[in-house]
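In what follows, every heavy atom counts, from backbone to side chain, and hydrogens, waters and symmetry copies are set aside.
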Amino acid sequence: QLEVFSSRHKFYTGDAVCLPRCNLQGTWACVFWGSQFSKIKYSWLLFLGSHDSFSYWVDEKSPVGPDQATAIKRLARISLVKKIMKKWSVTQNLTFKEQLEGGIRYFDLRVSSKPEEIGQEIYFIHGLFGIKVWDGLKEINTFLEQHPKEVVFLDFNHFYAMDDSHHFFLISRIRSAFGSKLCSAECVEYVTLQYMWEKKHQVLIFYHYPLYREYPFLWPGYKMPAPWANTTNVHELLQFLETTLEERSRYGTFHVSQAILTPRVNTIARHLTRGLKNTLVHRNLPMILDWVKAQKPGVRGVNIITSDFVELDDFAATVIALNDLLLEEDESATAS
């Protein structure tokens with residue numbers, strides 16, 4: 001059974017061998033489950049994800065991205081504007097490698113070409129351009145090579161300034177990065193840890209663009225719904241999360257609960273230099289974390305929870321430990 005020690009959280013995974021990989025505020029996280037979890041459907045387990053996973057680094061020197069309004073692009077000619085944008089574009093502090101070591105298994109990915117750049121290179125984007133997608137994929141693959149029993153979800157859900165040729169280029173990069181680790185799109189209910197291990201698969205790619213139909217290793221975006229509350233009010237957010245969980249499909253999809261608050265223009269205007277973390281995240285995270293602690297995984301429960309700044313307040317330890325509830329339910333059913 002997954003054991004959590006209060007002094008230093010350690011996640012044991014049955015008969016799997018786990019080595020400590022990362023210290024997040026004194027937390028050693030090892031997140032692949034052993035025999036107790038290996039036959040549980042992935043759509044029933046609870047995974048931790050990061051919102052705008054790539055945004056730990058954005059380039060102030062590059063042009064403003066095509067995901068922004070024309071008025072913002074004009075304002076951004078003033079250098080100070082880009083510095084302010086950076087404070088609100090960055091939603092994570094940890095690199096892909098550090099997130100993986102801390103237990104993150106779902107990655108929210110938004111990508112774009114650079115319209116003024118020759119060629120088809122694709123970059124991560126959130127207001128400002130991030131690193132090349134290829135560099136991020138290689139970093140994730142290096143971790144998977146070192147940990148062959150780990151499995152990740154990569155959700156490509158927003159595309160900007162990309163025609164079909166850009167998509168073909170990106171899909172080719174995905175295939176080059178992961179090769180046989182890519183899991184072909186199947187019935188969601190087939191996917192368990194045991195299934196992935198037997199097939200030697202480690203990566204599920206969700207692709208929110210019609211070309212997914214042409215590639216067996218691309219899962220359609222509708223199999224990874226991620227309802228968005230689009231609010232700055234934590235009470236509205238929690239009510240939205242409850243409502244969308246109640247409406248969650250029993251079968252056929254995974255499900256993302258976006259436990260995030262979204263700044264509006266007036267939010268940014270009132271708190272220009274404070275940034276997202278100091279304005280919305282720090283203040284409201286305790287209430288969000290209380291909601292998380294009250295959740296259960298399972299057929300109508302939470303499946304994937306995404307957060308900004310995933311290293312804060314033992315968020316990872318809290319989410320991962322909730323999987324124990326599945327074992328307790330199974331033991332109770334067996335005993336009865």
Original post:
For atom NZ of K199, is the number of surrounding heavy atoms from other residues, nucleotides or ligands below 6.0 Å larger than 12?
Top reply: no

Subject >> Euclidean distance, Y56 OH relative to S50 OG, rounded to 0.5 Å >> reply: 10.0 Å

**OP:** Would you mind reporting whether T231 and T262 have side-chain heavy atoms less than 4.5 Å apart?
**Re:** no

Original post:
Is any NZ, NE, NH1 or NH2 atom of the basic residue among R173 and E121 found under 4.0 Å from an Asp or Glu carboxylate oxygen of the other?
Top reply: yes

Original post:
Just by modelled atom types, is the L94 backbone N or O under 3.5 Å from a matching donor or acceptor in the Q99 side chain?
Top reply: yes

Original post:
Can you tell if the side chain of D308 reaches within under 4.5 Å of the side chain of K277, non-hydrogen atoms only?
Top reply: no

**OP:** Using a strict cut-off of less than 4.0 Å between a Lys/Arg side-chain nitrogen and an Asp/Glu carboxylate oxygen, indicate whether K82 and E60 qualify as a salt bridge.
**Re:** no

**OP:** Could you please spell out the steps behind the side chain to side chain donor-acceptor pair (under 3.5 Å) verdict for E117 and Y123?
**Re:** CA-CA 11 Å; E117 187 176 272; Y123 298 80; 2.9 Å; yes

Original post:
Pick one: which of F107, W57, F54 meets ring pair (Phe, Tyr, Trp, His ring centres under 6.0 Å) with F124?
Top reply: F54

**OP:** Compute both the distance and the angle, then confirm whether K97 meets the cation-pi test with F143: under 6.0 Å from the six-membered ring centre, within 45 degrees of the axis.
**Re:** no

Original post:
Do the non-hydrogen side-chain atoms of D155 and Y106 ever get within less than 4.5 Å of each other?
Top reply: yes

**OP:** Indicate yes or no for a side-chain donor-acceptor contact from R264 to the backbone of N230 under 3.5 Å, with no hydrogens or angles considered.
**Re:** yes

Original post:
Does the side chain of N157 pick up a donor-acceptor pair with the side chain of Y209 at under 3.5 Å?
Top reply: no

Original post:
Aromatic rings F156 and Y207: how do their planes relate, parallel, tilted or perpendicular, breaks at 30° and 60°?
Top reply: tilted

**OP:** Please confirm whether the backbone N or O of T306 pairs with a side-chain atom of Q258, one donor and one acceptor, at under 3.5 Å?
**Re:** no

**OP:** Indicate yes or no for a side-chain donor-acceptor contact from H201 to the backbone of S180 under 3.5 Å, with no hydrogens or angles considered.
**Re:** yes

Subject >> Atom pair OG (S249) and CZ (R300), whose distance is rounded to the nearest 0.5 Å >> reply: 8.0 Å

**OP:** Step by step, work out the side chain to side chain donor-acceptor pair (under 3.5 Å) result for S55 and T91.
**Re:** CA-CA 6 Å; S55 65; T91 66; 2.8 Å; yes

Subject >> Distance, nearest 0.5 Å, that separates OG1 of T253 from CD of E189 >> reply: 8.0 Å

Subject >> Aromatic ring proximity, centroids under 6.0 angstrom, F159 and H167 >> reply: yes

**OP:** Answer yes or no: is there a donor N or O on one side and an acceptor on the other, between the side chain of D313 and the main chain of F315, under 3.5 Å?
**Re:** no

Subject >> Between CG on residue D52 and CG on residue D108, distance to nearest 0.5 Å >> reply: 5.0 Å

Original post:
Is the F153 ring parallel, tilted or perpendicular to the F47 ring (thresholds 30°, 60°)?
Top reply: perpendicular

**OP:** Go through the steps to decide whether S165 and D163 satisfy the test side chain to side chain donor-acceptor pair (under 3.5 Å), and finish with yes or no.
**Re:** CA-CA 5 Å; S165 66; D163 58 25; 2.5 Å; yes

**OP:** Test side chain to side chain donor-acceptor pair (under 3.5 Å) on Q146 and T142 and set out the steps.
**Re:** CA-CA 6 Å; Q146 295 167 352; T142 297; over 6 Å; no

Subject >> Within-4.5 Å side-chain heavy-atom neighbours: W44 and K41 >> reply: yes

Original post:
Which value, rounded to the nearest 0.5 Å, describes the distance between L218 atom CG and L154 atom CG?
Top reply: 11.0 Å

**OP:** Decide whether W88 and I125 are clustered together by the hydrophobic rule: side chain heavy atoms of Ile, Leu, Val, Met, Phe, Trp, Tyr closer than 4.5 Å, transitively.
**Re:** no

Original post:
In terms of the angle between their ring planes, are Y190 and Y195 parallel, tilted or perpendicular, with boundaries placed at 30° and 60°?
Top reply: tilted

Subject >> Test item: H126 side-chain N/O and S89 main-chain N/O as donor-acceptor pair under 3.5 Å >> reply: yes

**OP:** Could you tell me whether the side chain of E242 reaches within less than 4.5 Å of the side chain of Q295, counting heavy atoms only?
**Re:** yes

Original post:
Going by heavy atoms in the side chains, are L170 and M162 under 4.5 Å from each other?
Top reply: yes

Original post:
If you measure from CG on L280 to CG on L237, what distance do you get to the nearest 0.5 Å?
Top reply: 10.5 Å

Subject >> Cation-pi, F254 ring and K223 (6.0 angstrom, 45 degrees) >> reply: no

Subject >> Heavy-atom donor-acceptor pair, S257 side chain to I305 backbone, under 3.5 Å >> reply: no

**OP:** Examine distances only and state if a side-chain atom of H51 and a backbone atom of S307 form a donor-acceptor pair shorter than 3.5 Å.
**Re:** no

**OP:** May I ask you to decide if C183's main-chain N or O and W219's side chain share a donor-acceptor pair within less than 3.5 Å?
**Re:** yes

Original post:
Is it true that F96 and I122 fall in one hydrophobic cluster, defined by side-chain heavy atoms closer than 4.5 Å?
Top reply: yes

**OP:** Verify, without hydrogens or angle tests, whether N303 (side chain) and L46 (backbone) share a donor-acceptor contact under 3.5 angstrom.
**Re:** no

**OP:** Tell me, with the steps shown, if L100 and V152 meet side chain to side chain contact (heavy atoms under 4.5 Å, CB included).
**Re:** CA-CA 9 Å; L100 284 160; V152 297; 3.7 Å; yes

**OP:** Could you tell me whether D135 and K132 have a side-chain N and a carboxylate O separated by less than 4.0 Å?
**Re:** no

**OP:** For the residue pair H255 and L245, establish whether any side-chain heavy-atom pair is separated by less than 4.5 Å.
**Re:** yes

